[in-house]
Asks: 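Let me begin by handing over the structure; questions about it come next.
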Amino acid sequence: MSVESRVDNDGETQNAAPNFLRNQIRDEIASGQASTIVTRFPPEPNGFLHIGHAKSIWVNFGLAEQFGGRCHLRFDDTNPAKEEQAYIDSIREDITWLGYEWSGDIRYASSYFDQLYAWAQHLVREGLAYVDDLSPDEIREYRGTLTEAGKPSPYRERSVEENLDLLERMSLGEFAEGAKVLRAKIDMAAGNINLRDPILYRIRHAHHHQTGDKWKIYPSYDFAHGQSDAIEGVSHSLCTLEFEDHRPLYEWFLANLPVPAQPRQTEFARMNVNYTVTSKRKLKLLVDQGVVDGWDDPRMPTIAGLRRRGYTPTALRKFCDMTGVSRAANVVDIAMLHFAIRSDLEDNAPRAMCVLKPLKVVLTNVAADHAESFEVAGHPARDDMGSRQLPLTREIWIDRDDFMEEPPKKFFRLAPGKEVRLRNGYVIRCDEVVKDSAGEIEALHCSVDFDTLGKNPEGRKVKGVIHWVSADHGVPVEVRLYDNLFLEEAPDRDKDADFLDHLNPESLVTVEGIAEPALADATPESRYQFERVGYFCADRHACRDGKLVFNRTVGLKDSWAKIQQKQAQGAKP
Ligand code: ATP
Ligand code: MG
């Protein structure tokens with residue numbers, strides 16, 4: 001199969017946005033500049049992955065898939081202080097859930113520590129690295145600024161023998177943390193500050209989740225990253241724009257070390273989504289401060305959170321496709337994410353009825369022992385989803401919002417003396433409103449027109465249709481109505497303000513609803529359209545514990561965009 005046909009059959013869905021990386025690789029293959037495409041996804045295991053990482057996964061695994069290459073999963077585990085096995089496990093799970101498979105075993109930058117150390121010694125022998133005793137503050141001071149050249153450390157001219165000896169003693173744990181570092185000897189006057197003798201190794205007497213207590217020194221990210229790519233034979237090191245200025249340094253390493261391959265780095269813009277934050281540090285703060293219920297809280301923009309909220313891998317991939325890849329910084333409207341999941345669930349989620357604010361209705365002309373059940377399609381356009389049974393009984397629940405005692409003109413739902421159709425059932429008329437001693441509505445007494453099943457009533461039009469559930473057969477469910485976690489479009493825009501000030505106090509509203517009987521069998525993570533209400537997903541944790549809890553994934557229509565529109569209109573003079 002040719003590369004072109006592979007690309008055409010794959011990935012590029014209807015709404016695909018431009019992807020300059022895809023075009024670039026296609027051109028490289030056409031011109032013979034590239035043959036086998038090897039990419040890698042290199043997360044630091046210091047938090048759960050978020051939607052921005054989903055984009056990077058989609059970029060790296062997706063391109064490898066499209067061009068018949070392979071993608072590695074490599075944990076960039078050079079900083080033992082912040083890393084945890086739990087994060088490693090979650091990252092593996094997220095990638096697999098998204099539907100991607102890494103090539104070969106999981107890799108770890110820490111597996112290359114021996115090689116990296118040998119290469120550090122190589123640089124020392126070549127006179128291209130030295131051990132520096134300056135303190136971290138002094139190193140910063142000596143480095144200079146964007147407008148001012150740096151000045152050489154007094155330790156810069158140590159002999160090769162002395163440097164080799166000190167480096168070895170650093171590795172054996174003879175010195176305290178911060179007492180010494182190994183630095184590349186490049187150019188303290190370089191216009192690019194990354195080339196002013198960057199740090200290659202730091203002393204850290206830390207336990208590492210992969211290498212245990214073997215190492216007392218750890219390579220810097222800059223020294224480990226490019227060389228790890230080279231060791232793995234990565235052809236395309238795709239990364240986000242903040243590494244553009246590091247590229248000359250990575251190229252210097254590749255030029256001065258006997259590496260087995262020459263990966264080429266191309267940078268693309270990070271993806272940000274409005275009304276949320278995509279920074280592991282900030283997400284960790286939300287978790288640590290108990291603002292949310294863990295990394296996979298359905299309000300979190302983490303992959304695990306989106307999953308628990310009801311997002312599907314298909315929807316997330318589609319979202320990535322819709323937002324494209326470019327070098328221009330961009331903030332994606334969260335409404336696009338909602339669009340991606342809504343269109344997936346519209347086609348693939350079975351329908352169900354669930355009343356969120358139950359109001360009792362007594363059907364006065366239905367006998368107490370009435371036994372009737374409507375057989376209804378699981379999905380209006382999907383025969384493969386089978387059917388479900390909706391029992392009708394004398395007492396039913398409807399939603400409080402579907403009744404008004406004094407309705408405005410265009411209210412087509414239930415009101416005193418008015419008629420409405422029970423979805424999939426009969427037309428009913430409200431004959432009496434029953435109130436308690438405080439004047440609160442307790443129940444409605446209605447009568448059924450039995451001559452209206454699947455047909456219009458004689459001589460009058462009934463416009464409204466409402467959802468309902470049999471009081472005898474309905475199952476109580478907890479429904480968690482999730483909304484955006486932040487009220488502000490760019491919660492972390494103002495560096496001096498606390499992004500937590502912009503939290504949406506109503507990002508979670510929990511209600512007790514009643515659902516149609518079929519939902520008693522909902523399995524963890526099963527998704528439904530609650531008719532007239534929205535899309536919901538059975539909470540994977542609660543459901544496993546035998547509790548019926550449904551998380552709102554997204555509304556039926558984009559109410560958020562409407563609110564924004566209103567706000568914008570209101571803001572106009
Ligand atoms: P964060 O700033 O959230 O901590 P990070 O870049 O430090 O993210 P890493 O674990 O180093 O997190 O990221 C793994 C890969 O994911 C990197 O290649 C990184 O460039 C990419 N990545 C991270 N955030 C985004 C984003 N918002 N958009 C696209 N790619 C991203
Ligand atoms: Mg990082």
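Whatever order the structure lists them in is the order used to number ligands and atoms, beginning at 1. Keep in mind it's a predicted model, so treat the numbers as computed, not measured.
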Asks: Mind telling me whether Phe243 and His246 have parallel, tilted or perpendicular rings, with 30° and 60° as the class edges?
Replies: perpendicular

Asks: Could you tell me whether Arg140 and Asp137 have a side-chain N and a carboxylate O separated by less than 4.0 Å?
Replies: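 Salt bridge: yes.
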
Asks: Could Arg92 and Tyr87 be counted as a cation-pi pair, given that NZ or CZ must be under 6.0 Å from the ring centre and within 45° of the axis?
Replies: no

Asks: Once you measure the plane-to-plane angle for Phe253 and Phe223, does it fall in the parallel (<30°), tilted (30-60°) or perpendicular (>60°) bin?
Replies: perpendicular

Asks: What about His53: any of its N or O atoms under 3.5 Å from an N or O on ligand 1?
Replies: yes

Asks: Show the nearest heavy-atom pair for residues Asn504 and Asp483, with the distance to one decimal.
Replies: ND2-CB, 4.0 Å

Asks: With heavy atoms of Ser279 as the reference, note each atom of ligand 1 found under 4.0 Å away.
Replies: 3 (O)

Asks: Relative to the heavy atoms of Glu44, which atoms of ligand 1 are at a distance of less than 4.0 Å?
Replies: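 Once the distances to Glu44 are compared, the set is 9 (P), 10 (O).
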
Asks: Taking atom CD as the centre, does Gln262 end up with more than 12 heavy-atom neighbours from other residues, nucleotides or ligands that are less than 6.0 angstrom away?
Replies: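 Counting other residues, nucleotides and ligands, CD of Gln262 exceeds 12 neighbours.
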
Asks: Quick check: Pro42 and ligand 1, any N/O pair under 3.5 Å apart?
Replies: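 N/O-N/O distance below 3.5 Å does not exist for this pair.
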
Asks: Below 3.5 angstrom, do we get any N/O pair linking Asn272 and ligand 1?
Replies: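 Min N/O separation from ligand 1 is not below 3.5 Å for Asn272.
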
Asks: Verify whether one side chain among Lys55 and Thr323 offers a donor that lies under 3.5 Å from an acceptor in the other.
Replies: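 Judged by distance alone, the side chains do pair up.
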
Asks: Any idea which of Lys280, Lys282, Arg40 brings a heavy atom closest to atom 7 (O) of ligand 1?
Replies: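 It is Lys280 whose heavy atom sits nearest to atom 7 (O) of ligand 1.
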
Asks: Counting only heavy atoms closer than 4.0 Å, does ligand 1 sit against the backbone of His50, its side chain, both, or neither?
Replies: side chain

Asks: So for ligand 1, is Lys55 a polar contact partner (N or O within less than 3.5 Å, distance only)?
Replies: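 By distance alone, the answer is no.
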
Asks: Please list, in number order, the atoms of ligand 1 under 4.0 Å from a heavy atom of Phe41.
Replies: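 Taking each heavy atom of Phe41 in turn, ligand 1 has 14 (C), 15 (C), 16 (O) under 4.0 Å.
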
Asks: Has ligand 1 got any nitrogen or oxygen that is less than 3.5 angstrom from a nitrogen or oxygen of Asn46?
Replies: no

Asks: What distance do Asp132 atom CG and Leu134 atom CG have between them, rounded to the nearest 0.5 Å?
Replies: 4.0 Å

Asks: Quick one: which ligand 1 atoms are inside 4.0 Å of a heavy atom on Thr240?
Replies: 19 (C), 20 (O), 29 (C), 30 (N), 31 (C)

